[in-house]
Amino acid sequence: MIEQKRADPKRITPQSEDFDRWYVDTVLRAELADYTPVRGCMVIRPYGFALWENIQRALDDMFKRTGHENMYFPLLIPESYLAKEAQHVEGFAPEVAWVTRGGGKELEEPLAIRPTSETIICSLYTDWIHSWRDLPVKINQWVNVCRWEKRTRLFMRTTEFLWQEGHTFHETYDEAADEVETMLGTYRELHEDWLAMPVIPGRKTDSEKFAGADYTVSIEAMMKDGWALQAGTSHHLGQNFTRAYGIQFTDRGNELQHPYQTSWGLSTRVIGGLIMSHGDDAGLIMPPKVAPVQVVVVPIVRSNDAEGSALVEEAVARIEREVAGSVRLRVDRREGIRPGEKYAHWELRGVPLRIVVGAKDLAEERVTVVRRMDGLDQMLPLDGLAARLPQLLAETQAAMFARARNELEERSVHVTSLAELVAAFAERPVFASGPFCNRPECEVRIKEAVHALTVRNLRADRTADGAPCIACGDPADHVALTARAY
RNA sequence: CGGGGCGUAGCGCAGCGGUAGCGCACCUGCUUUGGGAGCAGGGGGUCCCCGGUUCGAUCCCGGGCGCCCCGACCA
């Protein structure tokens with residue numbers, strides 16, 4: 001294996017050989033991100049950041065449509081603020097980074113670098129919420145947060161990461177519950193419609209919920225190695241924080257009440273999920289809707305054919321002109337680099353469509369269009385090509401989602417007992433679902449049945465209808481999704 | 001935080017008690033261009049750090065630091 005690597009340093013590790021190394025090779029070689037001198041902290045390079053910006057824009061537009069506003073809270077949080085909600089502190093304590101010095105001297109009170117912002121937000125909103133007329137409050141912020149992780153991985157788990165965190169306050173428990181569902185739906189829309197990633201929504205078990213939440217819901221996506229990735233979470237915080245922080249409002253009946261609160265977040269981890277959902281041994285495969293470059297044009301020029309080369313350049317210029325910003329198009333005019341290397345370069349970066357413009361095809365007024373996801377190639381007339389690109393991209397987007405959904409379905413099983421659960425994982429990691437009573441001791445038995453197995457969520461799209469729990473046999477209400485998870 | 005491994009050019013590595021090399025990448029020129037081109041030339045190193053042994057240490061010894069991999073915790 002090492003010999004092979006030496007023989008061909010350009011090669012990225014095949015997925016079948018070592019999926020984790022494939023992932024790291026791809027992230028680095030596609031120039032999405034790189035390591036930095038600070039342990040656990042990565043740099044997001046322009047190509048990776050362009051992808052993040054596209055995701056950000058899509059999500060932000062959805063937030064705005066549902067009446068959310070962006071604002072910004074400080075990075076540093078006083079220790080005393082963080083400490084008010086007991087469960088929350090306990091949950092986050094091990095991963096909080098502290099600032100203890102500033103201005104050349106010890107601080108009187110240590111400042112936490114935010115691991116999330118519930119505490120500072122509640123502290124400030126105490127002054128801003130007084131009446132039912134002040135509700136609901138629906139805000140969001142796009143920020144960095146810091147969690148001291150022991151084992152880090154590019155995009156998947158880094159000490160500092162970028163995310164959005166939404167925070168809302170409501171008059172009633174049910175209104176907050178609706179918000180929790182709405183935002184999980186937003187995340188689902190992002191994944192399925194933009195990232196071409198099918199997801200499974202459901203409720204987290206108590207052991208997996210957010211520290212300080214009444215309950216947490218998640219969407220879970222399947223990576224190409226069969227492992228699950230929690231792709232977005234939305235929490236009902238009840239009155240846990242608003243009581244702890246003394247947020248009160250006078251309700252419509254002139255009674256003093258604590259508002260009900262939600263929070264929900266999605267991080268740059270989603271990029272890791274995108275990579276591992278679609279990529280292949282040639283590198284990334286970007287869904288067109290978020291691809292930084294949607295179409296790349298490779299001109300084939302010959303130094304001994306000035307006439308043909310001029311025709312090629314003319315055709316390329318025509319494509320550029322007619323596209324006129326309707327798709328994100330890049331022409332690879334680099335000199336001294338042969339076409340094959342250009343193909344490999346853009347395939348590694350996952351560009352959905354490649355247009356090859358050469359004199360041979362142009363003789364028939366045509367160009368070659370190749371689809372990254374499956375190598376499908378076709379000859380299309382130059383005439384009207386630009387107008388067809390949006391449609392080709394839309395077809396690609398749909399085909400990517402369909403393929404991912406098929407893979408998810410093929411790799412999902414229903415089980416009715418622990419024995420079946422164990423058998424399901426005998427060959428390879430899968431998504432196994434089965435009736436579950438939701439008792440902590442049964443969750444433990446399930447986790448212990450298969451190495452590294454976890455209950456991902458209680459599926460929102462299935463009910464057990466009293467079928468026997470796979471662990472204890474008692475009538476169960478839920479269907480648990482179990483999988484190995486990142 | 002336990003177990004293992006590694007620190008030599010940007011990356012991957014070799015090497016040796018006598019002051020350092022290979023592949024890839026990079027730069028220049030020429031020839032090339034329908035699947036990761038060829039030839040020629042070139043630049044680039046506190047050999048992780050600090051001590052010790054030695055006439056002499058990148059190499060041997062001691063200590064430190066850092067990183068990676070595997071396990072317990074996590075969006």
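The sequence lines fix the lettering, A, B, ..., with proteins before strands; numbering per chain opens at 1.
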Quick check: any donor-acceptor pair below 3.5 Å linking the side-chain of R157(A) to the base of C74(B)? yes

Given the structure, check if the side chain of R354(A) and the base of G35(B) hold any donor-acceptor pair shorter than 3.5 Å. yes

Can a salt bridge be assigned to the pair [X] and [Y] using a cut-off of 4.0 Å between side-chain N and carboxylate O?
{"X": "K204(A)", "Y": "E220(A)", "result": "yes"}
{"X": "E320(A)", "Y": "R333(A)", "result": "yes"}
{"X": "D60(A)", "Y": "K64(A)", "result": "yes"}
{"X": "R57(A)", "Y": "E53(A)", "result": "no"}

Starting at atom [atom1] of [X], determine the distance to atom [atom2] of [N], rounded to an integer number of angstrom.
{"X": "I337(A)", "N": "C27(B)", "atom1": "CD1", "atom2": "C1'", "result": "14 Å"}
{"X": "F19(A)", "N": "C69(B)", "atom1": "CZ", "atom2": "P", "result": "16 Å"}
{"X": "R302(A)", "N": "U33(B)", "atom1": "CZ", "atom2": "P", "result": "6 Å"}
{"X": "L28(A)", "N": "G12(B)", "atom1": "CG", "atom2": "P", "result": "10 Å"}
{"X": "Y486(A)", "N": "C74(B)", "atom1": "OH", "atom2": "C1'", "result": "15 Å"}
{"X": "E220(A)", "N": "C74(B)", "atom1": "CD", "atom2": "C1'", "result": "13 Å"}
{"X": "E341(A)", "N": "U32(B)", "atom1": "CD", "atom2": "P", "result": "19 Å"}
{"X": "D377(A)", "N": "G35(B)", "atom1": "CG", "atom2": "P", "result": "12 Å"}

Y343(A) OH: over 12 foreign heavy atoms closer than 6.0 Å: yes

Could you check, using the six-membered ring where one of them is a Trp, whether [X] and [Y] have ring centers closer than 6.0 angstrom?
{"X": "H88(A)", "Y": "F241(A)", "result": "yes"}
{"X": "F210(A)", "Y": "H235(A)", "result": "yes"}
{"X": "W264(A)", "Y": "F63(A)", "result": "yes"}
{"X": "H478(A)", "Y": "F436(A)", "result": "no"}

Scan the side chains in residues 193-200 of chain A for donor-acceptor partners under 3.5 Å anywhere in the protein, sequence neighbours excluded, and list what turns up.
none

In terms of side-chain heavy atoms of [X], which of [options] is nearest?
{"X": "R338(A)", "options": "G34(B), G36(B), C74(B)", "result": "G34(B)"}
{"X": "K360(A)", "options": "U33(B), G34(B), G36(B)", "result": "G34(B)"}
{"X": "E347(A)", "options": "U32(B), G35(B), C74(B)", "result": "G35(B)"}
{"X": "I300(A)", "options": "G36(B), C70(B), G34(B)", "result": "G34(B)"}
{"X": "H451(A)", "options": "A37(B), A72(B), G35(B)", "result": "A72(B)"}
{"X": "Y343(A)", "options": "A37(B), G34(B), C74(B)", "result": "G34(B)"}
{"X": "P339(A)", "options": "G35(B), C70(B), G34(B)", "result": "G34(B)"}

Does the ring of W163(A) carry R147(A) above it, NZ/CZ under 6.0 angstrom from centre and within 45° of its axis? yes

Ring-face cation contact, Y23(A) with R153(A), 6.0 Å cut, 45° max: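 Positive - R153(A) is close enough to the ring of Y23(A) and near enough to its axis.
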
Considering only atom [atom1], compute the distance from [N] to [M] and round it to an integer number of Å.
{"N": "G63(B)", "M": "G4(B)", "atom1": "P", "value": "16 Å"}
{"N": "G43(B)", "M": "U32(B)", "atom1": "C1'", "value": "25 Å"}
{"N": "C22(B)", "M": "G44(B)", "atom1": "P", "value": "14 Å"}
{"N": "G41(B)", "M": "U46(B)", "atom1": "C1'", "value": "29 Å"}
{"N": "G7(B)", "M": "C47(B)", "atom1": "P", "value": "15 Å"}
{"N": "G21(B)", "M": "A9(B)", "atom1": "C1'", "value": "11 Å"}
{"N": "C69(B)", "M": "C50(B)", "atom1": "P", "value": "28 Å"}
{"N": "C48(B)", "M": "U54(B)", "atom1": "C1'", "value": "23 Å"}

Got a list of protein N/O to nucleotides 1-9 of chain B N/O distances below 3.5 Å?
none

Categorize [X] for me: base, sugar-phosphate, or nothing, with a 4.0 angstrom heavy-atom threshold over every strand shown.
{"X": "N304(A)", "value": "nothing"}
{"X": "G265(A)", "value": "nothing"}
{"X": "T158(A)", "value": "base"}
{"X": "G232(A)", "value": "nothing"}
{"X": "T368(A)", "value": "base"}

Syn or anti for U19(B), please, going by whether the chi angle lies within 90° of 0.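 Syn, since the glycosidic angle lies within 90° of 0.
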
Map F161(A) and A359(A) onto RNA chain B by nearest heavy atom, then report which one ends up closer to the 5' terminus.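 So the residue in question is A359(A).
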
Judged by each residue's nearest nucleotide on RNA chain B, which is more toward the 5′ side, S267(A) or T152(A)? T152(A)

When Watson-Crick pairs (N1 to N3 and N6-O4 or O6-N4) and G-U wobble pairs (N1-O2 and O6-N3) count only below 3.5 Å on both distances, what is the dot-bracket string of RNA chain B, with | for other-strand pairs? (((((((..((((....[..)))).((((((.....)))))).....(((((..]....))))))))))))....

